[in-house]
Amino acid sequence: MTNRQFSSAPVTLLVSGAPAPEPCLPAARPPRRLDAGAVSAALVRTAARTPARTAPPPHQTAHRPGPVREFLLVELDRSHQPDALRAALRAVLPGTPGELLWQRTADGPAGLDRVLAELGRGLAAGPRLRALLVRDRQDGRTAPRLFLGLRPGPPGLTAHLLEELREALAHPPEPVTVPTSALQREMLRQVLDPPDRDGRHIEQLSWNWHGPLDTERFTAAWQSVIDHETVLRAAFDWEEDGTGGPWMVLHERAVPEVTRHPHGAADWEELLAADRRRGFDLRRPALLRATLLDAPPDADEGPATRVLLSYHHAMLDGWSVRLLLQSFYRAYLTDGVLPGGERRPDIRDHARWIRAQDTDAAEQFWSTRPVATAVLPLTPDPRRTDPRRSDPNRPGSGRARRRLSPYEAVRLRGWAAAWGAGESSALQAAWALLLYRAAQSGRPRRPARAVRVGFAVTVSGRGIPLDGIERLPGALRNPLPITVRVHPGTTVPQLLAALRDGMLDLAGYEWVSPGQAHRWTPGARGQRPNSLVVLEHQPAAAHHLRLETDLAAHGIHVESPVPSGTFTSYPITLAAHYDATGGLVLTTTHDRALLADQDAVELLSQSAHLLRTFPDLPSGLSTTEVLRSTLAGQPAPRLGEPGTDPAHSPGATAADSPGATAAEAADTPAVRLEVLHRATRPGAGWVLLLPPPGAPHTGHPGGTRGWPGPQALGVLRPVGGDPPPGAYRPVLGPLLESRTPVALVAPPGLGLTAYEIARLGAPARPPLVVLLGEEDGLAAVAELLAGRG
């Protein structure tokens with residue numbers, strides 16, 4: 001029997017040796033669909049041709065049988081999907097490994113012959129039965145073809161096995177489905193109706209991989225993670241007419257998508273934009289993909305690769321992807337194989353827990369929550385939504401970024417902790433102050449009033465009482481509305497405490513979706529929040545140092561992943577995350593149809609400025625005083641109003657805006673306090689510098705580096721022109737009333753101005769006025785103040 005001998009039955013009998021030097025299958029004679037009777041007849045003929053082996057003499061040791069000399073090859077009906085075939089194989093052969101179904105790509109007849117020869121060699125030394133999905137590329141088209149290879153055994157047993165397989169394929173099991181959560185349904189409605197064109201709810205993580213990167217090993221490691229994680233084999237399905245679904249479908253198998261580009265083949269920024277525009281087919285499993293771009297060769301640093309990992313928030317959140325990355329690195333270090341079975345609990349257990357919850361208590365909680373009277377004021381701008389006036393190179397969403405240095409981030413975290421809160425509460429407090437300021441800016445020359453501002457915050461979704469929830473990957477991160485009352489006399493520590501307590505109240509209802517919370521809030525009084533504040537939640541990496549050490553042993557160093565910023569369903573999202581150096585990175589993404597780019601950038605810059613300033617502010621300053629002393633002269637964006645783009649250039653004041661009224665310009669503070677150094681001990685007081693006439697906006701008298709005194713050091717910066725002495729009252733008033741010592745330091749030429757400003761204080765405790773000479777510096781001021789005790 002030779003390679004070219006075929007039976008006339010619908011099943012082709014091939015001879016396979018180890019390894020075959022010529023093609024196993026001529027392209028002109030492809031196999032046909034499964035027919036158990038024909039297979040049985042072919043096996044009988046094969047058995048008749050095969051000489052019987054005689055048993056070895058008793059004194060000789062029996063040898064293992066040699067390589068299989070033949071196998072059966074059947075091309076299955078193309079209607080059989082890989083998942084259905086895999087389920088049928090597992091039904092016929094329980095406990096079969098996931099690798100039972102191979103997937104290969106063949107280019108033309110010669111490529112198909114080579115792939116089928118590989119199947120024969122695999123059967124000769126491997127399992128008894130194996131399926132093969134071939135993506136056959138011919139004439140520029142790709143057609144999937146399913147083959148079944150079988151190592152013959154006793155004819156009756158083999159024919160019975162094939163009959164069971166045909167029966168299993170004829171009656172495939174129902175796919176395993178899992179109900180979607182309310183949060184997932186809301187996200188899917190946002191991207192499916194109408195179809196999303198702007199990459200909404202898609203996140204991109206990117207980082208540099210230093211050292212060798214084996215693509216096959218990289219792909220195998222992700223394949224192993226997919227085999228262990230149910231969520232990566234899940235996809236969504238729904239009825240097109242909207243009568244059913246959506247629900248999650250759990251597939252038997254999913255394949256990772258890994259694409260590698262050589263250096264120079266693609267621009268990184270263009271690659272990011274194209275990847276986001278591409279989106280995801282939500283009906284296909286593995287809603288996560290990897291793209292690799294080789295960096296330019298560097299003799300000093302060695303090989304490097306930029307890695308991009310994209311995923312959809314309807315299936316995974318940032319916490320989940322970092323968990324999966326830990327598993328991926330472990331698999332990469334073990335030749336692409338991750339030990340153990342499927343993770344439990346998984347998304348099925350989470351869905352079961354959600355279904356078991358009684359919503360009565362949650363509905364009662366939200367129905368009694370105080371509602372916001374002021375959210376981010378937005379008005380659609382027809383000029384930005386008119387396609388005839390839009391820039392085709394600028395998508396409908398914008399992004400901006402600012403960064404607090406590691407030193408500033410540590411100071412902010414320590415300051416918040418001193419008041420019993422975290423940096424997330426500080427971030428929310430800064431945003432609440434900006435919303436309060438936006439609400440007050442529409443009431444020029446009227447007394448400030450208390451406002452309950454509202455926005456959305458994220459909870460990790462992992463505070464629920466489900467065992468193993470902290471290691472469960474899924475779409476658990478949840479945005480929920482929060483409100484806080486801001487009074488003109490509220491201090492920042494009081495605002496921090498109110499926001500901290502509000503987050504603690506939400507902790508018991510992390511599983512409630514934002515749509516449910518809104519429905520349960522008293523209807524006519526509630527407003528949907530127009531903004532979202534996010535501090536990226538990350539799992540505790542207990543084995544992170546071990547992984548770094550093991551990777552380093554292979555000559556590999558991986559950087560910390562950096563999120564690019566997700567376009568959410570909110571008009572503007574303020575997200576914060578820590579980078580590898582400990583800096584706090586702030587990113588805003590916004591809808592250009594509702595918010596101008598310059599307004600979004602202004603909000604971001606003012607948020608960063610407040611976070612830098614918080615640790616230096618006296619604890620007794622009221623909300624009004626904080627805003628006047630820190631944001632004096634900075635515009636309160638008239639959010640979303642037509643015509644705001646040109647006026648709101650960076651650094652523009654309210655008086656610079658053509659549409660600003662005289663009342664708005666008059667209400668803008670003319671002096672702001674810039675804090676340069678924080679006091680080293682409580683009650684040390686303030687040293688306030690007056691800039692010399694004509695000095696640039698960054699100039700300070702005498703230089704400020706190395707300030708030796710214990711007092712806080714600041715600059716009273718005029719916003720524009722030469723303000724009268726009375727313009728300093730909003731800034732100086734709270735400091736003078738705090739009964740801490742205050743010293744005004746004036747350069748030559750501003751002595752009279754300094755004395756007039758000093759008269760604003762109480763006669764019993766006026767501020768000290770220090771006049772600098774031409775050669776004097778701040779060291780002399782510190783020495784003078786130290787001598788006064």
Side-chain angles (χ1 to χ4, degrees), residues 369-370 372-376 402 404 407-440 448 450-460 463 479-508 510 529 531-537 574-578 584-586 603-604 606-631 673 675 678-679 682 712 734-735 738:
R369 295 284 291 174
T373 57
V375 294
L376 194 67
R402 295 289 184 271
L404 272 64
Y407 171 72
E408 292 169 333
V410 168
R411 290 184 64 218
L412 177 68
R413 190 162 58 246
W415 169 80
W419 294 107
E423 60 267 50
S424 59
S425 297
L427 185 68
Q428 296 161 13
W431 196 251
L433 287 175
L434 293 179
L435 296 187
Y436 172 79
R437 185 170 181 249
Q440 299 295 343
V451 175
R452 181 169 287 279
V453 300
F455 50 96
V457 295
T458 55
V459 293
S460 70
L480 291 175
I482 191 172
T483 66
V484 62
R485 185 175 183 269
V486 184
H487 188 274
T490 301
T491 65
V492 175
Q494 290 172 339
L495 189 57
L496 279 178
L499 288 165
R500 177 202 60 203
D501 294 344
M503 292 297 294
L504 291 174
D505 290 340
L506 296 182
E510 293 189 1
S531 56
L532 172 65
V533 179
V534 180
L535 180 64
E536 293 290 345
H537 304 280
L574 173 66
H577 73 274
Y578 285 98
L584 187 63
V585 181
L586 307 178
L603 282 169
L604 175 62
Q606 292 178 17
S607 299
H609 181 66
L610 285 172
L611 293 175
R612 293 188 182 102
T613 307
F614 278 162
D616 296 311
L617 293 175
S619 59
L621 285 184
S622 67
T623 297
T624 304
E625 293 162 348
V626 168
L627 293 174
R628 284 181 176 176
S629 61
T630 58
L631 300 180
L673 172 62
V675 180
R678 190 180 182 185
L735 301 181
S738 65

Taking all non-hydrogen atoms of both residues into account, name the closest pair between [X] and [Y] and its distance.
X	Y	value
S622	P488	CB-O, 3.2 Å
A416	G422	CB-O, 3.6 Å
L496	A429	CD2-CB, 4.1 Å
A409	L404	N-CB, 4.5 Å
P529	A456	CB-N, 3.7 Å
S607	L434	OG-CD1, 3.1 Å

From [X] [atom1] over to [Y] [atom2], what is the distance, rounded to the nearest 0.5 angstrom?
X	Y	atom1	atom2	value
H487	T624	NE2	OG1	8.5 Å
I482	Q428	CD1	CD	5.5 Å
R437	L435	CZ	CG	12.0 Å
T491	E625	OG1	CD	10.5 Å
Y436	R452	OH	CZ	13.5 Å

Result for side chain to side chain contact (heavy atoms under 4.5 Å, CB included) between F455 and one of V533, L532, T483 points to V533
With a 4.5 Å cut-off on side-chain heavy atoms, are [Y] and [X] touching?
X	Y	answer
L631	L433	no
S425	W419	no
V492	L621	no

So the salt bridge (Lys or Arg N to Asp or Glu O under 4.0 Å) pairs with at least one residue in residues 479-507 (sequence neighbours excluded) are R369-D505
Who passes side chain to side chain contact (heavy atoms under 4.5 Å, CB included) against A576, sequence neighbours left out? L427, L535, L584, L586
Using residues 608-616 as the side-chain source, report each donor-acceptor pair under 3.5 Å to any protein atom, sequence neighbours left out, with the distance given to one decimal.
| unit_1 | atom_1 | unit_2 | atom_2 | d |
| --- | --- | --- | --- | --- |
| H609 | NE2 | T630 | O | 2.9 |
| R612 | NE | E408 | OE1 | 3.2 |
| R612 | NE | E408 | OE2 | 3.3 |
| R612 | NH2 | R403 | O | 2.9 |
| T613 | OG1 | H609 | O | 2.7 |
| D616 | OD1 | R411 | NH2 | 2.6 |
| D616 | OD2 | R411 | NH2 | 3.3 |

With side chain to side chain contact (heavy atoms under 4.5 Å, CB included) as the criterion, how do E536 and T458 come out once you've worked through the C-alpha distance, each side chain's angles and the decisive distance to 0.1 Å? CA-CA 9 Å; E536 293 290 345; T458 55; over 6 Å; no
